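Reading through the C-alpha cells given below for one structure.
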Amino acid sequence: MQQAIALPGGSARFCAEVEEISGQDVRRCYQCGKCTAGCPLAFTMDLAPNQVMRMVQLGMENEVLNSQAVWLCAYCLTCTVRCPRQISVGDVMDGLRILARQKGILGSGRGRRVALFNESFLASVKRLGRLYEFGAMLLYNLKSGRLFQNADVGLKMFLRGKLKLGTTRVKKIAEMRNIFKQRLPAVRQEREGVRR
Amino acid sequence: MKIAYFPGCCYETSAREYDVSTRAVCRHLGIELVEPPDWNCCGSTPAHSTDRLLALAMAARNLAQVEEMGLAEVTASCALCYQRLALTQAELAENGELLAEVNRLTGRPYRATVKVRPVLDIIAGLGEEEFRSRVVRPLNGFKIAAYYGCLLVRPSKTKVDDPENPQMMDRVLRLAGAETVDWTHKTECCGASLAISNEEVVVRMVARIIKAAALAGADCIATACAMCHFNLDIRQEKVSRLLGKKYSLPVFYFTQLLGLAMGLNPKEVCVHTHFVDARPLVKKII
C-alpha cells in the first residue's frame with residue numbers, strides 16, 4: 001500500500017529558496033548523519049546538522065531560521081568534504097544565515113551573539129575598508145550588552161603589543177563604501193517587530 | 001621570484017608573528033613580496049555569512065589590484081584570507097556573468113587571471129635540495145604537532161593538501177630537522193571565528209586539540225593560519241583550567257620554525273611575543 005504524507009503548504013517553496021541561495025541540492029540528502037558525526041560544533045547546537053538538512057527538506061522554515069545551529073556553524077566544511085551525496089552542508093548553513101539576515105532574524109542565545117559579532121565586524125570594515133579589531137570588539141560588546149566581556153583577552157593582547165589603538169583606512173574608501181551601499185540594503189536590519 | 005603579498009588585517013596585531021616571519025623567510029629565500037597598493041579586508045567569515053556578492057566583491061577588489069600590478073600570483077599568510085581570495089578566484093574564473101556583476105560592484109575590471117597560493121604551498125614547492133641547502137641550524141629535538149586547521153585543506157576547490165591527513169607542513173618541518181608526530185586533530189576546527197562571541201564553546205574546542213597534541217608526545221604545535229595560532233596560543237590557560245591539568249605547548253607559525261632553521265635570529269622571526277613562552281624551547285637550538 002502506498003501512502004503519501006501531506007507536507008504543510010509552502011514546504012517546497014522554502015526548500016527551493018535554500019537550494020537557490022546555497023547552490024546545493026538539499027533534496028539529495030538521505031540522512032546518513034555523517035555531517036553531524038564529524039561536526040566539531042554539534043555538541044553545542046540546538047539542532048544537529050543532519051536535522052537541519054531534513055527540516056529544510058520538510059520546509060520547516062521558522063524552526064530552522066530561528067535555530068542557533070545555523071549561526072554556530074563555523075563553516076569549517078568538515079561536513080562538506082565528507083558528504084557521500086556531495087552536498088556542501090557548510091554552504092547550506094551559509095545560505096541559511098544569509099536568508100535569516102534577509103528576513104531580519106538574528107536568532108537567540110549563542111547564535112544571536114554570532115550574528116551580532118558579524119554585524120560589528122562588517123560595521124568596522126565598512127568604515128575603514130579593513131578590520132579594526134579593537135573597534136569591532138568594543139562595538140560587539142555594546143551591541144550584545146556585555147560591556148566587559150573579552151576584557152581579559154584584550155588586556156593580554158595589549159600587553160603583548162597586539163592591540164592597535166590607531167586605525168588604518170583604505171585610501172580609496174569610496175570604492176568600499178560603494179560595494180557596501182549596493183549590497184547591504186538587501187539586508188534588512190533586525191527590528192523587534194520582525195522577530196518571530 | 002616576485003609575487004604579490006596580501007598581509008591581511010591582523011598583520012600588525014594578533015597575527016604579527018606570521019607577517020614578520022613570512023617576510024623574513026621569503027626575503028632570505030629570495031622571494032620578493034609586494035603588497036597591493038590599496039588592499040582591503042578579504043571579507044572573512046562575516047561577509048560570506050551575510051551576502052554572497054558582498055564577499056566576492058571584497059575579495060575581488062584585492063585580486064584586481066594584483067592584476068593591475070602585472071603580477072600572476074598572490075600569496076596570503078593568513079589562511080582565512082587565502083581561502084576567501086582563492087574561492088573568489090575559482091568562482092569568478094568559471095562564471096563570466098558573475099565576474100561582470102562583481103566588476104560592476106568594485107568598479108575595477110578584473111579578468112580573473114590571478115593565481116592564489118598560500119605561503120605554505122610556495123615554500124613547500126621550493127624543492128628538497130634547495131631546501132636542505134638552506135638549513136644551517138636543524139631543529140634537532142623538536143617534536144612538532146603540525147596543525148593545519150580548516151582553511152588550507154577544505155573545500156576541495158581550494159585545498160592544498162588532503163583534508164583528512166595532510167603532509168605538506170610535516171614534510172618541510174622534517175626537512176628542517178624536526179620530528180613531526182602522527183596525531184588525530186590535524187584538521188579539526190579550532191572554532192576561532194566564534195572566539196569573540198562564544199569563548200566558552202571555543203575553549204572546549206581548543207582543549208581537544210591541545211590535549212591530542214600532548215597525547216601524541218608533541219612538545220610544540222606548528223600552524224599555518226593566523227586564526228588558529230592566536231586561538232591555540234592565548235587560550236591555553238583557560239584550557240588548563242577546564243581540564244584541571246596544566247598545558248603550555250608553545251604554538252609557532254611554521255615560518256618561524258623554518259626561519260630559525262635557516263639561521264635567522266629569534267627576534268627576526270618574532271618568537272618573543274607569544275602568550276605561551278616559546279623561548280625555552282628555542283634555546284635548545286640556539
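None of these values were measured; they are calculated from a predicted model. Chain identifiers are assigned alphabetically (A, B, ...) following the order of the sequence lines, protein sequences preceding nucleic acid strands; residue numbering begins at 1 within each chain.
Minimum heavy-atom separation, A:Leu122 to B:Pro46: CD1-O, 3.7 Å. Shortest non-hydrogen contact noted between B:Met205 and A:Phe43 is CG-CE2, 4.1 Å. Of all heavy-atom pairs between B:Pro163 and A:Val81, the closest is CB-CG2, 4.2 Å. Contact between B:Gly43 and A:Phe121 at its shortest, heavy atoms only, is O-CE2, 4.0 Å.
Side chain of A:Arg113 to backbone of B:Leu194: no donor-acceptor contact under 3.5 angstrom is found. A donor-acceptor contact shorter than 3.5 Å links the side chain of B:Asn198 to the backbone of A:Arg110. Using modelled atom types, no side-chain atom of B:Asn40 and backbone atom of A:Gly129 make a donor-acceptor pair closer than 3.5 Å.
Within the 4.5 angstrom heavy-atom criterion, no atom of B:Ala192 approaches chain A. For A:Arg169, no part sits under 4.5 Å from any heavy atom of chain B, backbone or side chain. Only the side chain of A:Met137 comes within less than 4.5 Å of a heavy atom of chain B; its backbone N, CA, C and O stay farther away.
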Begin from the C-alpha positions of B:Thr187 and A:Thr78 and carry the test side chain to side chain contact (heavy atoms under 4.5 Å, CB included) through to its verdict.
-> CA-CA 9 Å; B:Thr187 64; A:Thr78 305; over 6 Å; no
Applying side chain to side chain contact (heavy atoms under 4.5 Å, CB included), run through B:Glu164 and A:Arg82 and close with a yes or a no.
-> CA-CA 10 Å; B:Glu164 304 292 349; A:Arg82 291 181 183 171; 2.8 Å; yes
For A:Leu77 and B:Gln83, what are the C-alpha separation, side-chain angles and deciding distance, and is it a side chain to side chain contact (heavy atoms under 4.5 Å, CB included)?
-> CA-CA 12 Å; A:Leu77 302 182; B:Gln83 194 204 48; 4.1 Å; yes
List the steps, then state whether side chain to side chain contact (heavy atoms under 4.5 Å, CB included) holds for A:Lys156 with B:Glu237.
-> CA-CA 12 Å; A:Lys156 275 187 171 183; B:Glu237 271 177 34; 3.6 Å; yes
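A distance of 12.0 Å separates CZ in A:Arg130 from SG in B:Cys42, rounded to the nearest 0.5 Å. With rounding to the nearest 0.5 angstrom, the NZ atom of A:Lys172 is 8.5 Å from the CD atom of B:Gln65. For the atom pair A:Phe180 CZ and B:Leu54 CG, the distance stands at 5.0 Å (nearest 0.5 Å).
Under the side-chain hydrogen bond (donor to acceptor under 3.5 Å, both in side chains) test applied with B:Thr13, the options A:Glu133, A:Lys164, A:Lys162 reduce to a single match, A:Glu133. Partner of B:Asp51 under the side-chain hydrogen bond (donor to acceptor under 3.5 Å, both in side chains) criterion, out of A:Arg183, A:Arg101, A:Gln102: A:Arg183 alone.
The most heavy-atom pairs under 4.5 Å with chain A, out of B:Ser49, B:Cys190, B:Cys41, come from B:Ser49. Considering only heavy-atom pairs separated by less than 4.5 Å from chain A, the leading option among B:Gly191, B:Ser156, B:Ser14, B:Cys189 is B:Ser14. Most heavy-atom pairs under 4.5 Å with chain A, from the set B:Arg208, B:Arg16, B:Glu188: that is B:Arg208. Ranked by non-hydrogen atom pairs under 4.5 Å with chain A, the options B:His272, B:His48, B:Glu199 are led by B:His48. Of the listed residues (A:Leu163, A:Val170, A:Val125), the greatest number of heavy-atom pairs within a distance under 4.5 Å of chain B belongs to A:Val170. Top candidate by heavy-atom pairs under 4.5 Å with chain A, chosen from B:Glu12, B:Arg61, B:Arg52, is B:Arg61. Ranked by heavy-atom pairs under 4.5 Å with chain B, the list A:Val70, A:Leu159, A:Val153, A:Thr168 is led by A:Val153.
Using a 4.0 Å cut-off between charged nitrogen and carboxylate oxygen, B:Lys238 and A:Asp152 count as a salt-bridge pair.
Around atom CZ of A:Arg160, more than 12 heavy atoms belonging to other residues, nucleotides or ligands sit under 6.0 Å away. Atom NZ of B:Lys267 is surrounded by 12 or fewer heavy atoms from other residues, nucleotides or ligands within 6.0 Å. Other residues, nucleotides and ligands contribute over 12 non-hydrogen atoms within 6.0 Å of the NZ atom of B:Lys159.
Listed by chain and number, the residues in a side chain to side chain donor-acceptor pair (under 3.5 Å) with B:Thr158 amount to none (sequence neighbours excluded).
Interface residues of residues 24-42 of chain A toward chain B, defined by a heavy-atom distance below 4.5 Å and sorted by number: A:Pro40, A:Leu41. For residues 84-99 of chain A, the interface with chain B (any heavy-atom pair closer than 4.5 Å) comprises A:Asp94, A:Arg97, A:Ile98, sorted by residue number.
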Side chains of residues 101-109 of chain B: which donor-acceptor partners sit under 3.5 Å, not counting sequence neighbours?
{"unit_1": "B:Glu101", "atom_1": "OE2", "unit_2": "B:Arg104", "atom_2": "NH2", "d": "3.3"}
{"unit_1": "B:Asn103", "atom_1": "OD1", "unit_2": "B:Tyr110", "atom_2": "N", "d": "3.1"}
{"unit_1": "B:Asn103", "atom_1": "ND2", "unit_2": "B:Tyr110", "atom_2": "O", "d": "3.0"}
{"unit_1": "B:Arg104", "atom_1": "NH1", "unit_2": "A:Gln182", "atom_2": "OE1", "d": "2.9"}
{"unit_1": "B:Thr106", "atom_1": "OG1", "unit_2": "B:Val102", "atom_2": "O", "d": "3.4"}
{"unit_1": "B:Thr106", "atom_1": "OG1", "unit_2": "B:Asn103", "atom_2": "O", "d": "3.4"}
{"unit_1": "B:Thr106", "atom_1": "OG1", "unit_2": "B:Arg108", "atom_2": "N", "d": "3.1"}
{"unit_1": "B:Thr106", "atom_1": "OG1", "unit_2": "B:Arg108", "atom_2": "O", "d": "3.3"}
{"unit_1": "B:Arg108", "atom_1": "NE", "unit_2": "A:Glu175", "atom_2": "OE1", "d": "2.8"}
{"unit_1": "B:Arg108", "atom_1": "NH1", "unit_2": "B:Glu68", "atom_2": "OE1", "d": "2.9"}
{"unit_1": "B:Arg108", "atom_1": "NH1", "unit_2": "B:Glu68", "atom_2": "OE2", "d": "3.3"}
{"unit_1": "B:Arg108", "atom_1": "NH2", "unit_2": "A:Glu175", "atom_2": "OE1", "d": "3.2"}
{"unit_1": "B:Arg108", "atom_1": "NH2", "unit_2": "A:Glu175", "atom_2": "OE2", "d": "3.4"}

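The side-chain heavy atoms of B:Ser193 and A:Tyr75, taken from C-beta on, include no pair separated by under 4.5 Å.
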